[in-house]
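Heavy-atom basis, side chains included; hydrogens, waters and symmetry copies ignored.
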Amino acid sequence: MRDHQARIEAMYRRDKLAAYISVTTVWAVYAFTFWRMSDQFAASGVTLLMLILGGLVLFLNTAAVWALIRHYQEDKAAIYGTDIYYLDRIVADRRLAR
(Lines give C-alpha, C1' and ligand atoms only; values in the text may rest on other atoms or scores of the structure.)
Protein backbone atom coordinates (compact mmCIF):
# COMPACT_ATOMS: atom_id res chain seq x y z
CA MET A 1 0.00 0.00 0.00
CA ARG A 2 2.84 2.37 0.87
CA ASP A 3 4.44 1.73 -2.54
CA HIS A 4 1.07 2.31 -4.21
CA GLN A 5 0.68 5.70 -2.49
CA ALA A 6 4.25 6.67 -3.39
CA ARG A 7 3.55 5.83 -7.05
CA ILE A 8 0.38 7.93 -6.95
CA GLU A 9 2.29 10.88 -5.49
CA ALA A 10 5.06 10.53 -8.09
CA MET A 11 2.55 10.46 -10.95
CA TYR A 12 0.72 13.47 -9.53
CA ARG A 13 3.95 15.48 -9.15
CA ARG A 14 4.97 14.60 -12.71
CA ASP A 15 1.57 15.67 -14.10
CA LYS A 16 1.63 18.88 -12.06
CA LEU A 17 5.10 19.74 -13.36
CA ALA A 18 4.02 19.04 -16.95
CA ALA A 19 0.98 21.30 -16.48
CA TYR A 20 3.12 24.14 -15.12
CA ILE A 21 5.59 23.78 -17.97
CA SER A 22 2.73 23.79 -20.49
CA VAL A 23 1.19 26.96 -19.06
CA THR A 24 4.58 28.68 -18.93
CA THR A 25 5.21 27.70 -22.54
CA VAL A 26 1.83 29.06 -23.66
CA TRP A 27 2.55 32.36 -21.88
CA ALA A 28 6.00 32.54 -23.52
CA VAL A 29 4.58 31.81 -26.99
CA TYR A 30 1.88 34.47 -26.60
CA ALA A 31 4.41 37.02 -25.33
CA PHE A 32 6.80 36.26 -28.18
CA THR A 33 4.05 36.38 -30.78
CA PHE A 34 2.72 39.67 -29.45
CA TRP A 35 6.23 41.13 -29.39
CA ARG A 36 6.94 40.04 -32.98
CA MET A 37 3.55 41.20 -34.25
CA SER A 38 3.30 44.47 -32.28
CA ASP A 39 4.32 46.61 -35.26
CA GLN A 40 1.61 45.06 -37.44
CA PHE A 41 -0.94 45.40 -34.64
CA ALA A 42 -0.06 49.07 -34.23
CA ALA A 43 -0.24 49.69 -37.98
CA SER A 44 -3.69 48.09 -38.09
CA GLY A 45 -4.87 49.80 -34.92
CA VAL A 46 -5.73 46.56 -33.13
CA THR A 47 -3.10 46.57 -30.38
CA LEU A 48 -5.59 47.01 -27.54
CA LEU A 49 -7.92 44.40 -29.00
CA MET A 50 -5.09 41.89 -29.33
CA LEU A 51 -3.93 42.60 -25.77
CA ILE A 52 -7.43 42.00 -24.44
CA LEU A 53 -8.02 38.85 -26.50
CA GLY A 54 -4.58 37.44 -25.75
CA GLY A 55 -5.01 38.19 -22.05
CA LEU A 56 -8.41 36.50 -22.06
CA VAL A 57 -7.00 33.37 -23.71
CA LEU A 58 -4.10 33.28 -21.25
CA PHE A 59 -6.42 33.79 -18.28
CA LEU A 60 -8.82 31.04 -19.35
CA ASN A 61 -6.01 28.61 -20.18
CA THR A 62 -4.27 29.23 -16.87
CA ALA A 63 -7.53 28.92 -14.94
CA ALA A 64 -8.36 25.64 -16.69
CA VAL A 65 -4.96 24.13 -15.89
CA TRP A 66 -5.19 25.33 -12.29
CA ALA A 67 -8.63 23.69 -11.97
CA LEU A 68 -7.27 20.49 -13.53
CA ILE A 69 -4.42 20.34 -11.03
CA ARG A 70 -6.81 20.96 -8.14
CA HIS A 71 -9.13 18.20 -9.38
CA TYR A 72 -6.23 15.78 -9.73
CA GLN A 73 -5.11 16.60 -6.19
CA GLU A 74 -8.59 16.03 -4.78
CA ASP A 75 -9.14 12.71 -6.55
CA LYS A 76 -5.62 11.29 -6.83
CA ALA A 77 -6.48 7.81 -5.64
CA ALA A 78 -9.19 7.23 -8.23
CA ILE A 79 -7.37 8.85 -11.16
CA TYR A 80 -3.91 7.44 -10.63
CA GLY A 81 -5.04 4.22 -8.97
CA THR A 82 -6.76 3.19 -12.18
CA ASP A 83 -3.67 4.11 -14.21
CA ILE A 84 -1.43 2.09 -11.91
CA TYR A 85 -3.76 -0.89 -12.08
CA TYR A 86 -3.64 -0.98 -15.89
CA LEU A 87 0.10 -0.26 -16.04
CA ASP A 88 0.69 -3.20 -13.70
CA ARG A 89 -1.56 -5.39 -15.85
CA ILE A 90 0.46 -4.47 -18.96
CA VAL A 91 3.71 -5.37 -17.19
CA ALA A 92 2.25 -8.69 -16.00
CA ASP A 93 0.95 -9.51 -19.48
CA ARG A 94 4.34 -8.78 -21.01
CA ARG A 95 6.05 -11.04 -18.47
CA LEU A 96 3.65 -13.86 -19.32
CA ALA A 97 4.26 -13.39 -23.05
CA ARG A 98 7.99 -14.07 -22.68
Side-chain angles (χ1 to χ4, degrees):
M1 183 66 173
R2 191 173 206 62
D3 179 51
H4 189 72
Q5 191 62 31
R7 289 173 70 190
I8 288 173
E9 287 299 322
M11 291 174 80
Y12 170 69
R13 280 192 308 273
R14 199 171 28 239
D15 283 354
K16 190 165 73 169
L17 178 63
Y20 288 147
I21 290 170
S22 296
V23 167
T24 302
T25 302
V26 167
W27 275 80
V29 167
Y30 267 70
F32 176 77
T33 303
F34 186 83
W35 171 66
R36 294 295 294 162
M37 296 295 296
S38 60
D39 292 339
Q40 286 79 14
F41 294 158
S44 301
V46 295
T47 302
L48 182 61
L49 176 65
M50 296 310 288
L51 272 173
I52 292 170
L53 292 175
L56 183 63
V57 168
L58 289 172
F59 171 75
L60 292 173
N61 183 268
T62 303
V65 170
W66 182 74
L68 177 89
I69 291 170
R70 194 175 70 195
H71 169 67
Y72 276 19
Q73 182 180 13
E74 292 170 353
D75 208 10
K76 280 188 242 183
I79 294 167
Y80 296 110
T82 303
D83 286 349
I84 289 171
Y85 170 77
Y86 285 110
L87 288 170
D88 289 347
R89 293 278 313 262
I90 290 169
V91 169
D93 290 346
R94 286 182 181 163
R95 283 186 186 149
L96 287 175
R98 287 184 186 178

Worksheet entry | The single option from Thr62, Val65, Asn61 passing side chain to side chain contact (heavy atoms under 4.5 Å, CB included) against Val26 | Asn61
Discussion item. Using 0.5 Å steps for rounding, measure from the CG atom of Leu60 to the CG atom of Leu56.
Written reply: 4.5 Å
Discussion item. Between Tyr12 and Ile69, is the side chain to side chain contact (heavy atoms under 4.5 Å, CB included) condition met? List the steps.
Written reply: CA-CA 9 Å; Tyr12 170 69; Ile69 291 170; 3.7 Å; yes
Worksheet entry | Rounded distance (nearest 0.5 Å) linking atom CD1 of Ile79 with atom CE of Met11 | 10.5 Å
Worksheet item: Rounded to the nearest 0.5 Å, how far does CD1 of Ile52 lie from CZ of Phe59?
Response: 14.5 Å
Discussion item. I'd like to know whether the aromatic ring centres of Trp35 and Phe32 sit less than 6.0 Å apart in this structure.
Written reply: yes
Worksheet, complete the sentence: Heavy atoms of Asp15 and Tyr72 approach each other most closely as OD2-CE2, 3.8 Å
Item to complete: Supply the atom-to-atom distance Leu68 CG to Lys16 NZ, rounded to the nearest 0.5 angstrom.
Response: 12.5 Å
Worksheet item: Hey, any chance Trp27 and Tyr20 share a hydrophobic cluster, counting ILVMFWY side chains that come within less than 4.5 Å of each other, even indirectly?
Response: yes
Worksheet item: If Ile, Leu, Val, Met, Phe, Trp and Tyr residues are connected whenever their side-chain heavy atoms lie under 4.5 Å apart, and connections chain through other members, are Ile8 and Leu87 in the same group?
Response: yes
Worksheet entry | Test item: Arg14 and Leu17 side chains (from C-beta on) under 4.5 Å apart, heavy atoms | no
Worksheet item: Is there side-chain contact between Tyr80 and Asp83, with at least one heavy-atom pair below 4.5 Å?
Response: yes
Worksheet item: So do the side chains of Phe34 and Met50 get within less than 4.5 Å of each other, counting heavy atoms only?
Response: yes
Worksheet item: According to a 4.5 Å side-chain heavy-atom criterion applied to Ile, Leu, Val, Met, Phe, Trp and Tyr, with indirect links allowed, do Met37 and Val46 form part of one hydrophobic cluster?
Response: yes
Worksheet entry | Worked check of side chain to side chain contact (heavy atoms under 4.5 Å, CB included) between Ile84 and Asp88 | CA-CA 6 Å; Ile84 289 171; Asp88 289 347; 3.6 Å; yes
Discussion item. Quick check for you: to the nearest 0.5 Å, what is the distance between Lys76 atom NZ and Gln5 atom CD?
Written reply: 7.0 Å
